[in-house]
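Throughout, a chain's letter reflects where its sequence line sits, starting with A, and its residues are numbered from 1. Note: hydrogens, waters and symmetry copies are ignored here, and every other heavy atom, side chains too, is used. Here the structure is a predicted model, which means the values were calculated and not measured.
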2 protein chains.
Amino acid sequence: MDKRKNILSTALQLFGQKGYEATSVRDIAAGAGVNIAMINYYFGSKEKLLESVVEYKTSGIQLVFAELEKNPSITQIEKIDTIIDNYIQRMFAGPQFHHLLHRELSLENRPQMKDAIIEILFRNVVSIKAILEKGIESGEFKAVDVELTITTLIGSISYLLTSEGMCRKLLKKNKEFNPFQNKKLKERLSEHLKQLMRSHLLINHKPIK
Amino acid sequence: MDKRKNILSTALQLFGQKGYEATSVRDIAAGAGVNIAMINYYFGSKEKLLESVVEYKTSGIQLVFAELEKNPSITQIEKIDTIIDNYIQRMFAGPQFHHLLHRELSLENRPQMKDAIIEILFRNVVSIKAILEKGIESGEFKAVDVELTITTLIGSISYLLTSEGMCRKLLKKNKEFNPFQNKKLKERLSEHLKQLMRSHLLINHKPIK
DNA sequence: AAAAATTAATTAAACGTTTGTTTAATTTCA
DNA sequence: TGAAATTAAACAAACGTTTAATTAATTTTT
């Protein structure tokens, strides 16, 4: 059962780097150190392997925000802080998977897979939305555009992850700089988004200057 | 010379919808109504066709911000407003091309194409950066994180364009709603980003409530 | 202006590779 | 002994590309 995981993680790596279509089952087999036939033996087909990869990476997570949402002992802006850090942590930890998901979303092949991914990503949206709406209702937040605020939050992180090269160029870093494994960049992004959300959301916000 | 353009626009459409690898030259030929051999006759190869598509769509633009940047008669926040509207207009006008560019950026095939795209996208970044820095220096703006503010700006628009389905689900719209051709959504996004940037950037900002 | 010569555009067919998948035989392990 | 795992080989289909022949358009010559 070890070879199964080998195949899954190799497939994730290659699908993320080169895309689904540009990755051959022979590439995956070679990378995982197994015979080509083993992939169809275990997963049935290349497409089902893709589905298995997505399922493998998404099962068992996503319940992080559920309890946070209902916690009455912290303010809504503090919940937003937590969500920002959690999001950054997760997305930076697996940029390949992030690429894979968003590529499938932007493609018009495999519509059922697209729907499944939307469902997965939307779980987070629901939680954030509830927090924002609660904050607005209680008077802690301004009456902002909830949906587009979520878009800004996720979009900011997402865009930074799009391309290592673009990220390096934007931040004026050299070739040795790996954006996706850099702790300082994550902290910097966290700080930026927290500041941004405070200015954007809080009614009584005194900028530090 | 009319068939050349037919091929180019069909290729753009299909590359954008299905991705480069999943689009066959036969698909393109059929869509453009030409013989398969014409593609290699005109462009040399499938990969050179891709390069031609990118060149075709990017030549002759990109100088919009250059004059804006130096205009001394309007404030920096007004320049940001203009940039927001211009960006939204351009990206919503050609979501397929946007998909194509960002997919190439996230892939590790064709590195030279990746560098070319980074170069193209970076021209806008430079202009926005200059405006932000000028605003900070003059005291109109707070001392925000310039690079990440740009990321937020572009990322917000970009993320909304990722998937029609996700966009519809987020905004609770029905199947007939086409996010990319909806005027009200563009105005709503414009309003959101302008508000966001005012809260984020302006030193003396009085929220409307 | 008509005919001939030359270049460009267009086609159907075939090229060699690579693709995902399957088969049938063999090895491994309980 | 029997089921599961693993293998090398072969499968048809699809891929990007090329060829060689033909038609269309343009230029040159008469």
Side-chain angles (χ1 to χ4, degrees), chain A residues 1-56 96 99-100 103-104 107-114 116, chain B residues 1-56 96 99-100 103-104 107-114 116:
Chain A
M1 205 56 97
D2 201 34
K3 291 196 174 179
R4 246 190 77 102
K5 279 197 176 178
N6 262 6
I7 295 171
L8 280 171
S9 66
T10 306
L12 168 63
Q13 185 100 334
L14 293 178
F15 287 160
Q17 282 173 6
K18 320 202 295 170
Y20 174 79
E21 326 282 350
T23 303
S24 71
V25 286
R26 282 169 180 81
D27 286 341
I28 301 171
V34 302
N35 187 281
I36 321 167
M38 294 308 291
I39 288 172
N40 286 283
Y41 178 75
Y42 276 127
F43 300 97
S45 70
K46 187 191 178 185
E47 189 159 341
K48 284 183 183 169
L49 171 59
L50 173 63
E51 293 171 14
S52 297
V53 167
V54 173
E55 196 191 328
Y56 167 64
Q96 272 104 350
H99 287 155
L100 176 61
R103 218 176 285 132
E104 284 299 314
L107 289 171
E108 307 204 354
N109 325 325
R110 299 175 286 281
Q112 83 293 350
M113 162 114 299
K114 217 167 145 174
Chain B
M1 207 54 98
D2 201 35
K3 291 196 174 179
R4 245 190 79 103
K5 278 196 178 180
N6 263 6
I7 296 171
L8 280 172
S9 66
T10 305
L12 168 63
Q13 184 101 333
L14 293 178
F15 287 161
Q17 281 174 7
K18 320 202 296 169
Y20 174 79
E21 327 281 349
T23 303
S24 71
V25 288
R26 282 169 180 83
D27 286 340
I28 301 170
V34 302
N35 188 280
I36 321 166
M38 294 308 289
I39 289 172
N40 286 283
Y41 177 75
Y42 277 127
F43 300 96
S45 70
K46 187 189 177 186
E47 189 160 344
K48 282 183 183 169
L49 171 59
L50 173 63
E51 293 170 14
S52 297
V53 168
V54 173
E55 196 190 327
Y56 167 65
Q96 272 104 349
H99 287 157
L100 177 59
R103 216 175 288 132
E104 283 299 315
L107 289 171
E108 307 204 354
N109 326 323
R110 299 175 288 280
Q112 84 293 350
M113 162 112 302
K114 217 169 146 175

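Using a 4.0 Å cut-off between charged nitrogen and carboxylate oxygen, R103(B) and E21(A) do not count as a salt-bridge pair. Remark: K114(B) does not engage E104(B) in a salt bridge, criterion side-chain N to carboxylate O under 4.0 Å.
The interatomic distance linking L49(B) (CG) with dT17(D) (C1') rounds to 14 Å, in whole Å. Protein atom CZ of R110(B) is 14 Å distant from nucleotide atom C1' of dG16(D), rounded to whole Å. What separates CD1 of I39(B) from P of dT11(C) is a distance of 12 Å, to the nearest Å. Look at CE on M38(A): it is 15 Å from C1' on dT21(C), rounded to the nearest Å. For R26(B) and dT11(C), the CZ to P distance is 15 Å, given to the nearest whole Å. The separation between K48(A) atom NZ and dG20(C) atom P is 16 Å, rounded to whole Å. Between L50(A) atom CG and dG20(C) atom C1' there is a gap of 14 Å when expressed in whole angstrom units. At whole-Å resolution of the value, CG in D2(A) and P in dC29(C) are 14 Å apart.
More than 12 heavy-atom neighbours from other residues, nucleotides or ligands sit within 6.0 angstrom of CD on E47(A).
Regarding contacts with the backbone of dT17(D), a side-chain N or O of N40(B) is found under 4.0 angstrom from either OP1 or OP2. The phosphate of dT17(D) has neither OP1 nor OP2 within less than 4.0 Å of any side-chain N or O from K46(B). For the pair Y41(B) and dT10(C), the criterion of a side-chain N or O lying under 4.0 Å from OP1 or OP2 is not met. Taking 4.0 angstrom as the limit, Y42(B) places a side-chain polar atom (N or O) nearer than this to OP1 or OP2 of dT10(C).
In this structure, I36(B) reaches the bases: a heavy-atom distance under 4.0 Å links it to at least one base atom across the strands shown.
Both D27(A) and G33(B) lie close to DNA chain C; mapped to their nearest nucleotides by heavy-atom distance, the more 5′-ward contact belongs to G33(B).
Under the side-chain contact (heavy atoms from CB on, under 4.5 Å) test applied with L49(A), the options N40(A), V25(A), I28(A), V54(A) reduce to a single match, I28(A).
The main-chain N or O of L14(B) is found under 3.5 Å from a side-chain atom of T23(B) such that the two form a donor-acceptor pair.
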